[in-house]
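Some notes on the structure that comes next.
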Protein chains: 2
Amino acid sequence: MEVALTAVSGRWTTLLLRELMGGPRGFTELRALLPDLSPKVLSERLHALQERGLVTVERRRGFPVRTRYELTEAGRALRALLVELYATGERLLSLTGAASADGDHTSGDTTA
Amino acid sequence: MEVALTAVSGRWTTLLLRELMGGPRGFTELRALLPDLSPKVLSERLHALQERGLVTVERRRGFPVRTRYELTEAGRALRALLVELYATGERLLSLTGAASADGDHTSGDTTA
DNA sequence: CGGTATCCAAGATGATACTG
DNA sequence: CAGTATCATCTTGGATACCG
């Protein structure tokens, strides 16, 4: 559990992984997707993900420089965990009586 | 995802939840189960879990004082997440080439 | 038994500015 | 475009001692 928790822990990490699940992204592109994430922290997260073997980087020489961050198979293996985090979050919100975080799908039934 | 992640984040939190999954426990009992967890941090975790509605406390007057910490329904709703954390951890370990944490079910192939 | 109060060391995070 | 360097600060976790 430690390794899984470490993989997704740290502020912005889950959001960053979520963006990468949608396909390869560049540095500035990620900055735009996550506007409140400072370049320093983004850089740190990306390096951490690389060290854990969850992300690979591909650099295209030329001008301007192009970089692509892409999930490895191990990185993609986190999808089920992210889904479970989301599902558990929803369950918690309904059990503890808070409002849903995004659109209104608390309507009929959140018990499923 | 934030709420689910918050629920299980923090050092010792998953281990603490794991113990509580086994049934109600007392403070000193938890200390014994998690020897390296200081009383201050245990106290903090327990309060945090209460604030999030994941744990309830029952105090028995008399002597000596008896306290029982018990998971609420919301707290028990975390079981699936803990299981997924474990499963994802295992998957990560085999994909990134580390040794398995428990029994050997890495048999097939770690060379890829 | 069941905690709380203090103090301290480390790490995480963020703002800002600068480089290739 | 794609980062790194620096600095200040907030948050965590742990050791220890003490209280009801």
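Chain letters run A, B, ... following the sequence lines, proteins first, then strands; residues in each count from 1.
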* From the 5' end of DNA chain D to its 3' end, which nucleotides mark the outer limits of contact with chain B, defined by a 4.0 Å heavy-atom distance cut-off (strictly under)? -> D:dG13 to D:dA15

* To do: Specify the residue among A:Pro64 and A:Lys40 whose closest nucleotide of DNA chain D lies further upstream toward the 5′ end.
  => A:Pro64

Mind calculating the distance between [atom1] ([X]) and [atom2] ([N]) to the nearest angstrom?
X	N	atom1	atom2	result
A:Leu37	C:dT13	CG	P	10 Å
A:Trp12	C:dG14	CH2	P	7 Å
A:Arg31	C:dA15	CZ	C1'	11 Å
A:Leu16	C:dT13	CG	P	12 Å
B:Arg68	C:dG2	CZ	P	12 Å
B:Glu29	C:dG3	CD	C1'	16 Å
A:Asp36	C:dT16	CG	P	13 Å
B:Glu44	C:dG3	CD	C1'	12 Å

* Taking B:Thr72 for its side chain and B:Gly75 for its backbone only, find out whether a donor-acceptor pair lies under 3.5 Å. => yes

[X] side-chain N/O to [N] phosphate OP1/OP2 under 4.0 Å:
X	N	answer
B:His47	C:dG3	no
B:Thr28	C:dG3	no
B:Tyr69	C:dG3	yes

* Are the charged groups of A:Arg91 and A:Glu84 less than 4.0 angstrom apart, N to O? -> yes

Over 12 foreign heavy atoms within 6.0 Å of [atom1], [X]:
X	atom1	value
A:Glu70	CD	yes
A:Arg18	CZ	no
B:Glu29	CD	yes

* Name the nucleic acid region contacted by B:Arg60, choosing base, sugar-phosphate or nothing; use a 4.0 angstrom heavy-atom cut-off, strictly under. => nothing

* Structure fact -> Nearest-nucleotide check on DNA chain C, A:Pro39 vs A:Gly10; residue mapping nearer the 5' end is A:Gly10

* Going by the salt bridge (Lys or Arg N to Asp or Glu O under 4.0 Å) test, which pairs reach into residues 41-51 of chain B, not counting sequence neighbours? -> B:Lys40-B:Glu44

* From CD (B:Glu19) to OH (B:Tyr69), nearest 0.5 Å -> 15.5 Å

* Residues B:Arg79, B:Met21; criterion side-chain contact (heavy atoms from CB on, under 4.5 Å); working and verdict -> CA-CA 8 Å; B:Arg79 188 185 291 271; B:Met21 290 287 172; 3.8 Å; yes

* Check whether any side-chain heavy atom of A:Leu34 lies under 4.5 Å from a side-chain heavy atom of A:Leu42, and answer yes or no. => no

* Looking at five pairs on each end of the helix from C:dC1-D:dG20 to C:dG20-D:dC1, what is the angle between the two axes, given to 10 degrees? -> 40°

